[in-house]
Amino acid sequence: SKWYGVQRIIHRFRPDIIDYDRLKPENAEENLENAFSVAEEELGIPRLLDVEDFILDELDEKSIMTYLSAFNRMYSKVPTEEELAVKVYSDRINVDAKKIMNWLKSNIDRLEKKIYKMDPEMF
């Protein structure tokens, strides 16, 4: 149904901002208004369509395509779960590596003395 189209698109990629399971068919206008508002406020997609256009069935195909293309542009920039996992993991490694390097820099003299005591020929 055209009434749930925008909600479905938003929910597909951002289920955290529209609780699709709580939408009620008897509140179609309210649901659609909410979807347009969420798209504008949370996703930065300008409101090009109005609920009234749906009610009066005065939907302009070019306006719909322009509006949907804004979702396509936004969602093409959304990283996949795998990309997010790699980023989180690499960020964690970078933080850990920085901590290790800082610790080594601050303890290098002490470490060198211990290593020298264990194996003077190493120096």
Is Glu33 paired with Arg47 through a side-chain N to carboxylate O contact shorter than 4.0 Å?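 Salt bridge flag = yes for Glu33 with Arg47.
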Polar side-chain atom of Asp60 near backbone of Ser63 as donor-acceptor pair, under 3.5 Å: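 It does hold such a pair.
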Has the side chain of Gln7 got a donor or acceptor atom that lies under 3.5 Å from a matching backbone atom of Asn31?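 Present.
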Does Asp16 have any salt bridge (charged side-chain N to carboxylate O under 4.0 Å, His left out) partners at least two apart in sequence or in another chain, and if so, which?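 Partners of Asp16 by the salt bridge (charged side-chain N to carboxylate O under 4.0 Å, His left out) criterion, ordered by chain and then number, come out as Arg14.
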Shortest non-hydrogen contact from [X] toward [Y]:
X	Y	result
Ala39	Ile10	CB-CD1, 4.0 Å
Pro46	Tyr67	O-CE1, 3.3 Å
Phe36	Val51	CE1-N, 3.8 Å

Tell me whether Glu61 at atom CD has more than 12 heavy atoms from other residues, nucleotides or ligands lying less than 6.0 Å away.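 No.
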About how many Å separate [atom2] of [Y] and [atom1] of [X], when rounded to the nearest 0.5 Å?
X	Y	atom1	atom2	value
Ile64	Ser69	CD1	OG	12.0 Å
Leu23	Arg8	CG	CZ	9.5 Å
Glu40	Leu48	CD	CG	9.0 Å

Val6 versus Leu49: any side-chain heavy-atom pair under 4.5 Å? no
Any chain of hydrophobic side-chain contacts (each under 4.5 Å) joining Ile17 to Ile45? yes
